[in-house]
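The structure under discussion appears below in the form of structure tokens.
Proteins come first, then strands; the chains are lettered A, B, ... in the order of their sequence lines, and each starts at number 1. The figures that follow rest on heavy atoms only: side chains count, while hydrogens, waters and symmetry mates do not.
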Amino acid sequence: MNKLYDTLNDQQKKGVFTTEGPVLLLAGAGSGKTRVLTTRVAYLIEEKGVNPWNIMAITFTNKAAGEMKERVEDMVGFGADSIWVTTFHSTCVRILKRYGDRLGYDSTFTIYDTDDQKTVIKEILKKFQIDTKTLKERYFLSAISNAKNELISPQAYHKAIGGDFNKSRIAKVYEEYQNTLKRNNAMDFDDLIMQTVELFKNHSDILEQYQERFRYIMVDEYQDTNTAQFALISHLAAKYRNICVVGDDDQSIYKFRGANIRNILDFEKVYPDAVVIKLEQNYRSTQNVLDAANAVIGNNQSRKEKALWTEKGEGNKIHFRQFDNAFEEADYITDDIYKKQKDGLIRYSDCAVLFRTNAQARLVEERFIIRGIPYDVVGGTNFYARREIKDLLAYLKTIENGRDDIAVRRIINVPKRGVGMTSIQRIVDYADERNINFYDAMRESDQIIGLGKAAMKITAFTTMIQAFRSKMELYGLSDLIKDVIETTGYITELEASNEEDAQSRIENIDELISKVVSFEENNHEATLSDFLDEVALVADIDHVVGESGQVLLMTLHSAKGLEFPHVYIAGLEDGVFPSYMSIASEDPEAEIEEERRLAYVGITRAGDDLTLTCAKQRMVRGETQYNAASRFLKEIPPPLMDNRLSTFRKMKVTVPVKNYTAPENKPYVAGGVSALKRGGIGQGLPVMGASPDYIVGDKVAHIKYGIGIVRGIEQGAKDYQVTVDFDTAGPKIMYAAFAKLKKV
DNA sequence: TAGTTGGGTTTTTTT
DNA sequence: AACCCAACTA
């Protein structure tokens with residue numbers, strides 16, 4: 001036995017060496033579970049002689065999968081690339097692309113994201129004349145998602161209605177939704193799992209083949225699996241029963257996505273012969289950080305008791321600061337990081353600032369720009385969900401899968417080619433009558449009455465798509481996307497538009513092209529379908545690289561699985577964290593326990609220093625909130641902190657902004673410095689060209705381009721045009737009102 | 001058909 | 001604050 005195993009503690013060793021039968025590895029935060037998993041894989045191959053081909057490791061994010069793969073590769077000499085290390089969703093895509101035809105899907109099926117789902121559901125609700133004022137789209141979407149996560153088919157849903165009117169409507173919508181997706185040869189995220197389970201249930205030959213292949217299965221972040229994912233795993237493991245699940249019930253934070261915490265809590269009931277191993281030594285955090293985390297999570301009722309400990313001494317106290325408002329909070333975090341970096345105490349890449357919501361990152365981001373601190377915001381709008389990117393992907397999807405009505409309809413008039421709502425409705429009606437796809441109806445546009453001269457435009461469109469399809473045989477992926485952009489004039493139209501963010505849109509398109517090029521370089525045999533699948537399943541966190549010299553700003557959810565020597569958690573106020581939604585929900589006890597687990601995840605990300613902050617006053621969705629300090633702060637024993645929590649309670653706003661009546665001729669402007677004051681123009685008229693508060697020669701900061709020098713300010717027709725020479729991005733000309741430049 | 005504007009709405013987290 | 005949609009205008 002080599003020294004690979006010598007540095008493991010006894011429990012970790014047990015986890016590595018217990019290779020046969022069901023194993024439940026309860027791995028506390030920072031207890032080295034990834035190390036156990038990867039070493040276990042190496043042990044299976046090197047000591048037990050298991051063929052790498054027979055090993056499967058499943059995670060939730062591509063990033064986690066990639067890291068695991070890399071670490072296994074470092075440990076084992078050969079064969080690492082034949083281990084199946086992927087995410088749940090990409091595993092299912094691979095299986096379904098191969099055998100989806102058994103379920104009536106074509107291998108070119110496309111994957112619908114949340115945006116596409118919304119489009120489908122909207123259409124259906126309109127068709128069924130369901131008023132979206134009373135029952136929102138997301139009500140139906142989440143009902144459908146929940147059903148799929150519980151493996152309930154539309155038919156099964158129908159049977160379980162039991163006279164409930166709302167449920168009968170959901171059943172109707174669910175059925176129609178599912179039919180639409182199938183007609184479009186498309187699956188949503190939940191389908192990927194559910195349909196794979198369906199496939200296994202109904203086609204034992206396929207199941208047996210995969211059971212035979214995956215003789216050793218490992219599942220990471222097991223506490224976040226849902227019922228469908230559990231079924232998937234159980235099917236695969238049913239034959240050899242070598243299933244090792246790793247997780248921590250205290251870190252279960254994805255209930256909203258269908259995660260079923262019972263999967264981990266009841267594992268021993270499902271597999272009575274399971275070996276349970278607890279990893280309780282923490283290698284990451286100081287005792288103070290750990291004590292704080294344990295104190296907070298100790299308030300949860302439904303959990304497995306565990307005792308995390310560390311050999312890393314007491315360490316610094318938890319830093320705690322409260323501020324009058326969120327601006328001061330952001331200032332403090334920015335200055336603190338800046339100073340410590342300047343004094344050589346920390347590196348920027350050692351720091352992360354965590355928030356409950358994505359929007360909270362904005363404020364800190366703005367300060368970072370002014371201070372010149374390099375940073376990366378993880379999350380928010382996914383790159384591939386941006387309008388211009390989705391448009392171009394819709395072209396690719398249409399070329400790949402002509403049955404995807406959502407994709408076709410998205411681009412039929414983008415860029416503008418004179419096909420309006422009326423024409424589209426005529427095509428829809430024609431397609432519905434004949435029960436054919438939108439695209440196929442378009443190909444018969446000359447037979448659709450009432451189209452008039454739009455018919456020619458539509459024919460031109462289908463001819464163009466056909467041309468792309470035939471040209472695809474001749475050139476590569478990157479040529480195709482460049483051709484699409486060129487032929488459709490997509491960028492040309494953007495350039496001509498006076499849209500405020502045309503420039504950044506074009507930059508995004510350039511980035512998309514680069515992504516296609518590098519995808520092509522990395523996968524020589526890559527098909528269009530491969531690219532679309534990959535793109536559909538990437539998360540923002542997947543792109544995060546360690547040691548990039550940047551401070552990371554992200555949500556607590558995104559931070560799961562990561563660690564940083566210095567962690568800041570901002571916005572610790574009741575109503576922000578824990579969120580208002582959890583406090584006001586129908587089952588606040590359970591929801592607040594979930595928020596508390598999120599707090600536990602956040603705290604345990606920290607290695608050496610943890611800074612917790614809150615603000616008495618904060619702007620949320622355009623209105624000022626006054627919240628009490630978070631209950632989680634109060635759960636941390638005061639001796640662990642360097643500052644006491646002075647009590648501040650939820651205050652009543654004396655002048656509610658909404659009910660405020662402005663005195664005559666003196667319009668009231670809520671929040672911030674009024675443009676009227678700055679521009680010196682009166683009478684509440686829309687102020688287009690309020691003069692900027694900077695002059696030529698000033699140093700200014702821009703949200704995207706960073707720091708630059710103002711080279712010129714010219715008064716245009718509508719607004720001031722400002723020329724700025726940016727340090728990194730070079731010279732740019734922009735409208736003052738849009739650019740939102742801040743004098744530094 | 002295209003562009004603009006005003007009014008209403010917003011669950012926070014994501015594969 | 002930001003986004004989406006319907007209604008209105010050109």
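Here A/Phe256 counts as stacked on B/dT13: its ring centre is under 5.5 angstrom from the base ring centre and the planes meet at under 30°.
The nearest whole Å value for the distance from the CG atom in A/Asp188 to the C1' atom in B/dT14 is 14 Å. For A/Ile583 and B/dT13, the CD1 to P distance is 16 Å, given to the nearest whole Å. Taking atom CD1 of A/Ile592 as the reference point, atom C1' of B/dT13 lies 16 Å away to the nearest angstrom. The distance between atom CD1 of A/Ile253 and atom P of B/dT14, rounded to the nearest whole Å, is 9 Å. For the pair A/Met421 CE and C/dA7 C1', the computed distance is 14 Å after rounding to whole Å. In this structure, CZ of A/Phe577 is placed 11 Å from C1' of B/dT13, rounded to the nearest angstrom.
Picking from B/dG3, C/dA1, B/dT15 the nucleotide with the shortest atom distance to the side chain of A/Met619 gives C/dA1. Side-chain proximity of A/Lys122 to the nucleotides B/dT13, B/dG3, C/dC5 is greatest for C/dC5. Closest contact between the side chain of A/Arg621 and the listed nucleotides B/dT15, C/dA1, B/dT14 involves C/dA1. Each of B/dT14, B/dT1, B/dG3 was ranked by its minimum atom distance to the side chain of A/Thr422; first place goes to B/dT1. Closest approach to the A/Arg138 side chain among B/dT11, C/dA1, B/dT1 is made by B/dT11 (side chain taken as heavy atoms from C-beta onward). Listed candidates were B/dA2, B/dT1, B/dT13. Nearest to the side chain of A/Thr357 is B/dT13. With B/dT14, B/dA2, B/dT15 as the candidates, the nucleotide lying closest to the side chain of A/Thr555 is B/dT14.
A/Asp113 comes within 4.0 angstrom of no nucleic acid atom, judged by non-hydrogen atoms across all strands. Counting any heavy atom pair closer than 4.0 Å across all strands shown, A/Ser423 reaches sugar-phosphate atoms only and no base atom. Within 4.0 Å (heavy atoms only), A/Asp190 reaches no atom of the nucleic acid at all. Residue-level contact check: A/Phe60 touches the backbone only, with heavy atoms under 4.0 Å from sugar-phosphate atoms and none from bases. Among the heavy atoms of the strands lying under 4.0 Å from A/Ser579 is at least one base atom, whether or not backbone atoms are also near. Nucleic acid contact class of A/Tyr580 (heavy atoms, under 4.0 Å, all strands): none. At the heavy-atom level, A/Ser90 lies nowhere under 4.0 Å from the strands shown.
Geometric assessment of A/Lys616 against the ring of A/Tyr626 yields a negative cation-pi assignment under the 6.0 Å and 45° thresholds. The side-chain tip of A/Arg409 points at the ring of A/Phe438 from less than 6.0 angstrom away and within 45° of straight on. Relative to the six-membered ring of A/Tyr254, A/Lys560 misses at least one condition, a distance below 6.0 Å or an angle of at most 45° to the axis.
C/dA6 and B/dT11 have their C1' atoms separated by 24 Å, with the value rounded to a whole Å.
At least one side-chain nitrogen or oxygen of A/Asn413 sits closer than 4.0 Å to the OP1 or OP2 atom of B/dA2. Phosphate proximity of B/dT14 to A/Thr114: absent, as no side-chain N or O sits under 4.0 Å from OP1 or OP2. For A/Asn226, no side-chain nitrogen or oxygen approaches OP1 or OP2 of B/dT15 to under 4.0 Å. One finds no side-chain N or O of A/Lys453 lying less than 4.0 angstrom from the OP1 or OP2 phosphate oxygen of B/dT1. Phosphate contact (OP1/OP2 of C/dA2, side-chain N/O of A/Arg362, threshold under 4.0 Å): present.
Shown here for A/Val377 and A/Ala361, the closest heavy-atom pair between the two residues is CG1-CB, 4.3 Å. A/Asn358 and A/Gly379 get closest at one heavy-atom pair: OD1-C, 3.9 Å.
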